[in-house]
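Presented below is the structure to which this report refers.
Chain identifiers are assigned alphabetically (A, B, ...) following the order of the sequence lines, protein sequences preceding nucleic acid strands; residue numbering begins at 1 within each chain. The figures that follow rest on heavy atoms only: side chains count, while hydrogens, waters and symmetry mates do not.
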There are 2 protein chains.
Amino acid sequence: MTLQNKYQHLFCRRLKQARLRKDLSQKQLGIAAGIDEFVASTRINRYEKGIHEVNLETAGKLAEVLGVPLAYFYAESDGLAQLILDYAHSQIDK
Amino acid sequence: MTLQNKYQHLFCRRLKQARLRKDLSQKQLGIAAGIDEFVASTRINRYEKGIHEVNLETAGKLAEVLGVPLAYFYAESDGLAQLILDYAHSQIDK
DNA sequence: CCACTAAGACCCTCTTAGCGA
DNA sequence: TCGCTAAGAGGGTCTTAGTGG
């Protein structure tokens with residue numbers, strides 16, 4: 001594994017950025033997403049470093065905890081990523 | 001596995017729709033994405049039925065073959081999915 | 001506390017070999 | 001040809017146990 005392609009790299013970067021925006025530690029994020037507290041830190045670290053890939057279920061929970069649409073993690077350009085965030089915020093106001 | 005959560009279900013639906021829009025068979029899509037021709041049909045079928053999850057590398061190739069941003073597969077609402085497609089098309093015109 | 005890692009058990013995916021429409 | 005599936009082989013992920021900042 002280990003960051004073989006651009007999407008993997010983008011996922012890691014966006015996950016980390018979203019986590020820091022919420023001011024959470026890797027362990028806190030994992031626990032909030034329903035991961036056992038004894039492995040939360042390890043697993044989130046693995047995901048952020050691009051060593052392991054998240055499964056869709058966990059990715060969905062992470063997105064919810066971090067307050068971003070799941071698609072945000074997979075946006076290839078920063079322009080699209082911002083568009084997705086703006087869309088999410090506009091939906092909240094509705 | 002087997003469609004445990006809403007994101008899995010959405011991924012399957014969006015993948016199938018995008019494939020049919022391009023008028024490709026499951027086998028053709030797999031081969032175009034670089035999968036060995038002897039397993040292409042089986043693997044794409046697995047992904048569309050939600051039995052197996054795609055890895056990020058394969059998902060990226062599928063998105064490229066189908067002419068959609070990777071994030072499209074993960075959009076939770078149809079509104080966001082359309083927004084992502086529109087964004088991709090506007091980038092082409094530039 | 002924090003981020004991060006090695007190693008093996010575990011379990012999901014991939015391949016093989018088929019099915020009926 | 002198409003979509004689809006069972007079962008075992010194979011390999012990536014998860015857990016355990018731990019390091020250093």
Side-chain angles (χ1 to χ4, degrees), chain A residues 1-66 68 70 73-74, chain B residues 1-66 68 70 73-74:
Chain A
M1 201 87 333
T2 318
L3 294 178
Q4 293 176 331
N5 63 83
K6 61 176 175 178
Y7 299 108
Q8 183 79 4
H9 183 72
L10 281 167
F11 182 95
C12 301
R13 191 156 61 86
R14 295 240 152 74
L15 174 60
K16 182 168 188 173
Q17 285 177 345
R19 176 176 66 82
L20 294 177
R21 240 182 272 136
K22 285 277 181 179
D23 209 26
L24 294 169
S25 71
Q26 294 176 341
K27 184 174 185 177
Q28 287 172 326
L29 171 58
I31 292 174
I35 297 173
D36 184 290
E37 64 169 317
F38 293 104
V39 304
S41 165
T42 301
R43 281 180 57 187
I44 301 299
N45 187 270
R46 255 50 201 128
Y47 299 147
E48 280 189 10
K49 302 297 284 185
I51 310 295
H52 292 167
E53 281 190 17
V54 263
N55 60 49
L56 212 37
E57 185 173 8
T58 304
K61 287 178 185 169
L62 291 174
E64 282 167 25
V65 169
L66 295 171
V68 298
L70 178 62
F73 292 139
Y74 302 97
Chain B
M1 201 91 324
T2 317
L3 295 178
Q4 294 177 330
N5 63 83
K6 61 177 176 178
Y7 300 108
Q8 182 80 7
H9 183 71
L10 281 167
F11 182 94
C12 301
R13 189 156 62 85
R14 295 242 152 74
L15 174 60
K16 183 169 188 174
Q17 285 177 345
R19 176 176 65 82
L20 295 177
R21 238 181 274 138
K22 284 279 183 178
D23 209 28
L24 294 169
S25 71
Q26 294 176 339
K27 183 174 185 176
Q28 287 172 326
L29 170 58
I31 292 173
I35 297 173
D36 185 290
E37 63 169 318
F38 294 104
V39 305
S41 165
T42 300
R43 282 180 55 186
I44 300 299
N45 187 270
R46 255 50 200 128
Y47 299 147
E48 281 190 11
K49 303 296 285 184
I51 311 295
H52 291 168
E53 282 189 16
V54 261
N55 61 48
L56 213 37
E57 184 172 9
T58 304
K61 288 178 184 169
L62 292 174
E64 281 167 24
V65 169
L66 294 171
V68 298
L70 178 61
F73 291 139
Y74 301 97

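Taking CD of B/Gln8 as the start and CD1 of B/Ile51 as the end, the distance is 9.0 Å to the nearest 0.5 Å.
When the nucleotides D/dT15, D/dG3, C/dT13 are ranked by their closest atom to the side chain of B/Ser25, D/dG3 comes out on top. When the nucleotides D/dT5, C/dC14, D/dT16 are ranked by their closest atom to the side chain of B/Lys49, D/dT5 comes out on top. Here the nucleotide nearest the side chain of A/Gln26, chosen from C/dC14, D/dG3, C/dC4, is C/dC4. The nucleotide whose nearest atom lies closest to any side-chain atom of A/Asn45 is, among C/dC2, C/dT15, C/dA3, C/dA3. Closest to the side chain of B/Arg46, from the set D/dT5, C/dC2, D/dC14, is D/dT5.
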Mind listing the N/O atom pairs, protein and nucleotides 17-21 of chain D, below 3.5 Å?
from   : atom 1 : to      : atom 2 : distance (Å)
D/dA17 : N6     : A/Thr42 : OG1    : 3.3

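For the pair B/Asn55 and C/dC14, the criterion of a side-chain N or O lying under 4.0 Å from OP1 or OP2 is met. Residue A/Arg19 places at least one side-chain N or O under 4.0 Å from the OP1 or OP2 atom of C/dA3.
Side chains of A/Val68 and A/Arg14 form no contact here, defined as non-hydrogen atoms less than 4.5 Å apart. Considering only heavy atoms from C-beta on, A/Leu15 stays 4.5 Å or farther from A/Val54 through its side chain. Within the 4.5 Å cutoff, the side chain of B/Arg19 has heavy atoms near those of the B/Glu48 side chain. Contact annotation: the side chain of B/Leu66 approaches that of B/Phe73 to within less than 4.5 Å [non-hydrogen atoms, C-beta and beyond].
Using a distance-only test at 3.5 Å, with no hydrogens or angles considered, a donor-acceptor pair links the side chain of A/Glu53 to the main chain of B/Leu56.
Between the CZ atom of A/Arg43 and the P atom of C/dC10 there is a distance of 17 Å, given to the nearest Å. The interatomic distance linking B/Ile51 (CD1) with C/dT15 (C1') rounds to 16 Å, in whole Å. If you measure from atom CG of B/Leu24 to atom P of D/dG3, you get 10 Å, rounded to the nearest angstrom. Between B/His52 atom NE2 and D/dT13 atom P there is a gap of 15 Å when expressed in whole angstrom units. Regarding A/Tyr47, its OH atom lies at a distance of 15 Å from the P atom of D/dG12, rounded to whole Å. Between the CD1 atom of B/Ile31 and the P atom of D/dG3 there is a distance of 12 Å, rounded to whole Å. The separation between A/Ile35 atom CD1 and D/dT16 atom P is 14 Å, rounded to whole Å.
Helix bend of the helix from C/dC1-D/dG21 to C/dA21-D/dT1: the angle between its two end axes, each built from five pairs, comes to 20° after rounding to 10°.
No side-chain donor-acceptor contact under 3.5 Å links B/Glu57 and A/Asn5.
Nucleic acid contact class of B/Asp36 (heavy atoms, under 4.0 Å, all strands): none.
Within a 6.0 Å radius of CG in B/Asp23, other residues, nucleotides and ligands contribute 12 heavy atoms or fewer.
With sequence neighbours excluded, no residue forms a ring pair (Phe, Tyr, Trp, His ring centres under 6.0 Å) with A/Tyr47.
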